[in-house]
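Single-structure report; data block below.
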Amino acid sequence: MILRSLSCRFLTIALCDAAEPWQLGSQDAATPMMQGIIDLHHDIFFFLILILVFVSRMLVRALWHFNEQTNPIPQRIVHGTTIEIIRTIFPSVILLFIAIPSFALLYSMDGVLVDPAITIKAIGHQWYRTYEYSDYNSSDEQSLTFDSYTIPEDDPELGQSRLLEVDNRVVVPAKTHLRMIVTPADVPHSWAVPSSGVKCDAVPGRSNLTSISVQREGVYYGQCSEIRGTNHAFTPIVVEAVTLKDYADWVSNQLILQTN
Amino acid sequence: MAAEGKVPTLAEEYSLPPKEVPVEKPAEEKSATITEASPADEPAADVEQKSETPEVKEPEAEETVPAAEESDAAPEETEEKPEIVIETAPADFRFPTTNQTRHCFTRYVEYHRCVAAKGDDAPECEKFAKYYRSLCPSEWVCTLFHALLSFHCCSTVFPEMMRLVFSIAYGDLVVSLCFPAYLELG
C-alpha cells in the first residue's frame, strides 16, 4: 500500500488524480491553479525548514550550555536593542516573502479573467449531485441534466475505487475555460476536486462561481468537503476531462438520449 | 491559456459602461443600448469557439453513420450535431465575485425587459435567455418566473403592498431587481 503511494509520488508512471492510501502530498496538478498551490506550498516549506533549523539550533544550544553544571549563575540580560530590532525585522521580511506569492495566487484564483466557454452547474442534494449543462437549452424545460450517485459499497467493479466512483461522471473538455456554478437544493454542500485545486462551498439560496481549466485529459476524483449529515461520505465527485471533440460528441449523445 | 490571444484586450473587456449604465433607465432605452453594445463583446468569444466547433462536427457526423447500427439514429445525429456550439454567458464585470446569485437574477430580468420592450419573438432577446439559462439553476428559474409573474399582475394595483410582501418572500435583492422593471412596464 505504502509502496504504491510511494511509486505514485516518485516513479510517475501514472499521475495521481485520486486519493491514495497513506498519501502525504497533494495529488498531481491538472490545472494551473493547482500547480500554483503546490508551488506555493513548496515555497513556504523552504522558509518553514529554515525557521525549524534555526529555532532547533537555538533550543538545543541553550539546553546544552545553560544548565547547572556548566553555568551555575545565570546571566541577567533583560534588554538588548540590536537583537530586538533584528528579531522584529527579520520575521517580518520572511512573512513578506510568504505573503507576496500567496496573495498573487489568491487573486489569480478568484479573478474573472477570460470568458468561459462552458457553464456547468453542480447542484448538491442529499445525497447526490445534479449536473446541469444548460448552454444547449432552447427552452426553460428542456435541459441536459443528470444525477450523479455514488456506486454503492458492495457494487464496484474491478478497478473502481470504493466510495469514490459515481454512476454518471461530469464530462468536461480539457484545455477549455469552464465556469462551475455551485449551489445546493437543501443543505450546505461543497464541490471539491483536489487535482483541479477547486473547493467551492455551496450555500442554499446562493450560487457560487469557480473557474477551472483542466490541462490534461483524465479522470479526477474528489469528495464532498462540507459535513452535512448521515451520507456525507457517500457523495464523491468524478470529473472526466476529454478532448473538445469527444465532449461535443458526448453532449450530442446526451441530448439525443434526453429528447427520446 | 491558449485562448488568450483572441480574447479582447483588458481595455476592451472593461469597456462595459455603454451596456452597464442604462440599468436604471427605462426599459426601452435599456434594451436598445444592450443590442448595440452586444456585438462588440460577443464576436471575440464566439469566433474563437466557433472556429473550433465546425471541425468538431462535420467529420464526426460522417464517422457515426457507418458506426450507427440503426438507420434512423444517424440522421438524427446529423441534425443534432450542428446545434452544439461551445459558448456560454460571457464573464460580466458587474459580477466579478464568487457570489453569482445576482448575476443570474440580473440576466433573468434583462431577458424579460428585452421581451417586454421588443416583443416575444425578438431574436435579440434570445441571447439573454441563453445567458440566464446558463447561469441560473433550473429550480431558480421556476421561482423567479413565479415571482415576476406575481409582480406583473399585482404591482400595478397595490404597488407598496406588493413591494413589502415580496421583500419578505424573496428578499430585498429580487425586489430591487424586479420591482422597478415591472413598474415601468406597467
Side-chain angles (χ1 to χ4, degrees), chain A residues 32 109-123 130 132-145 173 175-179 181-185 200-201 203 205-211 213 215 243-256 259-260, chain B residues 1-4 7-8 10 13 41-42 44-46 48-49 52-53 55-57 59-61 63-64 73 76-77 79-93 95-104 126 129-142 145 171:
Chain A
M109 279 168 83
D110 73 2
V112 181
L113 297 175
V114 279
D115 284 338
I118 290 159
T119 305
I120 300 168
K121 286 170 280 184
I123 297 155
T130 305
E132 289 181 10
Y133 293 65
S134 308
D135 293 342
Y136 320 103
N137 290 9
S138 46
S139 73
D140 283 351
E141 286 76 35
Q142 172 237 339
S143 174
L144 171 42
T145 305
K175 298 186 182 72
T176 310
H177 289 278
L178 311 172
R179 175 200 275 135
I181 299 246
V182 182
T183 190
C200 189
D201 280 356
V203 183
R206 171 179 159 149
S207 64
N208 278 344
L209 163 96
T210 177
S211 314
S213 169
Q215 293 300 302
T243 56
L244 195 64
K245 181 183 176 299
D246 291 344
Y247 172 78
D249 253 356
W250 179 81
V251 169
S252 57
N253 288 339
Q254 289 288 316
L255 285 174
I256 292 165
T259 44
N260 289 352
Chain B
M1 286 295 150
E4 258 186 357
V7 163
L10 263 187
E13 295 241 286
D41 63 329
E42 282 285 279
D46 282 12
E48 110 187 37
Q49 301 305 340
E52 291 171 53
T53 40
E55 299 165 27
V56 168
K57 242 103 286 160
E60 207 191 296
E63 279 168 37
T64 43
E76 256 188 34
E77 278 185 25
E79 276 171 44
E80 205 78 49
K81 299 258 150 110
E83 283 177 25
I84 294 155
V85 178
I86 307 284
E87 67 164 334
T88 190
D92 192 327
F93 285 88
F95 311 99
T97 51
T98 302
N99 188 353
Q100 293 287 301
T101 318
R102 197 183 260 267
H103 196 173
C104 149
E126 208 39 48
K130 276 193 124 37
Y131 290 174
Y132 86 72
R133 280 185 206 124
S134 290
L135 292 163
C136 301
S138 52
E139 278 182 34
W140 293 17
V141 173
C142 185
F145 180 69

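Throughout, a chain's letter reflects where its sequence line sits, starting with A, and its residues are numbered from 1. All values below come from the heavy atoms of this structure, side chains included, with hydrogens, waters and symmetry mates left out.
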Checklist outcome for this item: For B:H103 and A:R179 the tightest heavy-atom approach is CE1-NH2, 4.4 Å
Next on the checklist: My understanding is that only residues two or more places apart in sequence, or in another chain, count here; which of them pass side chain to side chain contact (heavy atoms under 4.5 Å, CB included) with A:P173?
Outcome noted: A:I118, A:T176, A:L178, A:L244, A:Y247
Item to check | Short side-chain to backbone donor-acceptor contact, A:E132 and B:S138, under 3.5 Å | outcome: yes
Checklist entry - Do B:I86 and A:Y136 have side-chain heavy atoms sitting under 4.5 Å apart? => result yes
Checklist entry - If you count heavy-atom pairs under 4.5 Å with chain B, which of A:V251, A:T243, A:D135 comes out on top? => result A:D135
Checklist outcome for this item: Nearest heavy-atom contact between A:P116 and B:A89 is CG-O, 4.0 Å
Checklist entry - Does the side-chain hydrogen bond (donor to acceptor under 3.5 Å, both in side chains) test come out yes or no for B:T98 and A:N208, once each step is laid out? => result CA-CA 5 Å; B:T98 302; A:N208 278 344; over 6 Å; no
Checklist entry - Looking at B:C136, B:A129, B:S134, which has the largest count of heavy-atom pairs under 4.5 Å with chain A? => result B:S134
Item to check | Main-chain N/O of A:A117 paired with B:T88 side-chain donor or acceptor, under 3.5 Å | outcome: no
Item to check | Closest contact, heavy atoms only, A:T183 versus B:P137 | outcome: CG2-CG, 3.4 Å
Next on the checklist: If I take atom CD from residue B:Q100 and atom NZ from residue A:K121, how far apart are they, to the nearest 0.5 angstrom?
Outcome noted: 12.5 Å
